[in-house]
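We number each residue from 1, following the sequence as shown. All heavy atoms count here, side chains included; hydrogens, waters and symmetry mates do not. Whatever order the structure lists ligands and atoms in, that order sets their numbers, starting from 1.
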Amino acid sequence: MSPHGTGRRGVLVTFEGGEGAGKSTQISRLADHLEGRGLRVVRTREPGGTPGAEAIRHVLLAGGARRFGSAAEALLFAAARADHVDRLIRPALANGAWVLSDRFTDSTRVYQGTAGVARDLLMALEQVALGGVAPDLTVILDIPADIGLARAAARSGDGGPDRFEGDPLAEHEARRKAFLAIARAEPARCVVIDATADADTVAAAIWTAVENRLTVATGDTVTVTGA
Ligand code: T5A
């Protein structure tokens, strides 16, 4: 049964939040949990997830598009997303998988939106890239920017900050507020989780949200119940 009448049978859960909030860690935890129940899980990320989108990721995170401005970066994020949706997400959903994406459209709204790109342009790009696909649940991992950046720095070792991690702290704090504003505007889709807690506590809170908002069956039957 399709949750949105689009003929698909899977579930799309997106993970959002600032740098080092623990998205990758928690996707891994949720994937293990779902797979333990016999469900098919596809773990993916943005920008990226397909060979074409990973190539765009490299350009964006290395800062290669920065000189063209934030609107041009938004175009590249959208191009990567269109390929990701077409080649990986839509087929996986049609196959009944749970797709867990490390970042998705809210990251563009937040990062490129707080950088000054017009909302109308961002929403138009989003519509084109998604082609009707939409997250069933968005987990926003909320953490003070300095704590998240410290975690990311400790993990990245000698690699140094990427294009966005190196931005001033005030920009990271503005992004945090923008994620929380999205959660307030779309409470049926979004759940905010305190990401300062230890990984087990965060994982338990995410599982509670998944159980409360999505019906988790064993096998491949899934029903989206909403908030
Ligand atoms: N971007 C992306 C845009 O500007 N627009 C867009 O449209 C999109 C899609 C992507 C960058 O691109 C930008 C946003 C980003 O700047 P990325 O390399 O994918 O960059 O980086 P992030 O998505 O920011 O993810 P990170 O890899 O930095 O962090 P995660 O995945 O949130 O965190 P994770 O799980 O790797 O954890 C970080 C460290 O903290 C530890 C982990 O072990 C790890 O060492 N940790 C914890 N420590 C203590 N307590 C916990 N609860 C912990 N959970 C994890």
For this session: Apply the test salt bridge (Lys or Arg N to Asp or Glu O under 4.0 Å) to residues Glu126 and Arg119: give CA-CA distance (whole Å), side-chain angles for both, the deciding distance (0.1 Å), then the verdict.
Result: CA-CA 10 Å; Glu126 183 174 311; Arg119 180 175 165 81; over 6 Å; no

Problem set entry | CA sep, side-chain torsions, deciding dist, call: Arg163, Tyr111, side chain to side chain donor-acceptor pair (under 3.5 Å) | CA-CA 11 Å; Arg163 152 73 181 90; Tyr111 280 74; over 6 Å; no

Exercise. Under a 4.0 Å heavy-atom cut-off, what residues line ligand 1?
Worked result: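 Answer by chain and number: Glu19, Gly20, Ala21, Gly22, Lys23, Ser24, Thr25, Glu46, Pro47, Arg57, Leu61, Phe77, Arg81, Asp102, Arg103, Ser107, Thr108, Tyr111, Gln112, Arg151, Arg155, Asp162, Phe164, Glu165, Ala197, Asp198, Ala199.
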
Problem set entry | Non-hydrogen side-chain atoms of Arg155 and Arg151 separated by less than 4.5 Å |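 Side chain of Arg155 against side chain of Arg151, heavy atoms only: no contact under 4.5 Å found.
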
For this session: Check whether any side-chain heavy atom of Leu214 lies under 4.5 Å from a side-chain heavy atom of Leu137, and answer yes or no.
Result: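 They are in side-chain contact.
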
Exercise. If you group Ile, Leu, Val, Met, Phe, Trp and Tyr by side-chain heavy-atom gaps below 4.5 Å, do Val85 and Phe77 land in one group?
Worked result: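 No; Phe77 is not reachable from Val85 via cluster members.
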
Problem set entry | Hydrophobic cluster membership, Val210 vs Val139, 4.5 Å side-chain cutoff |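 Linked within one cluster.
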
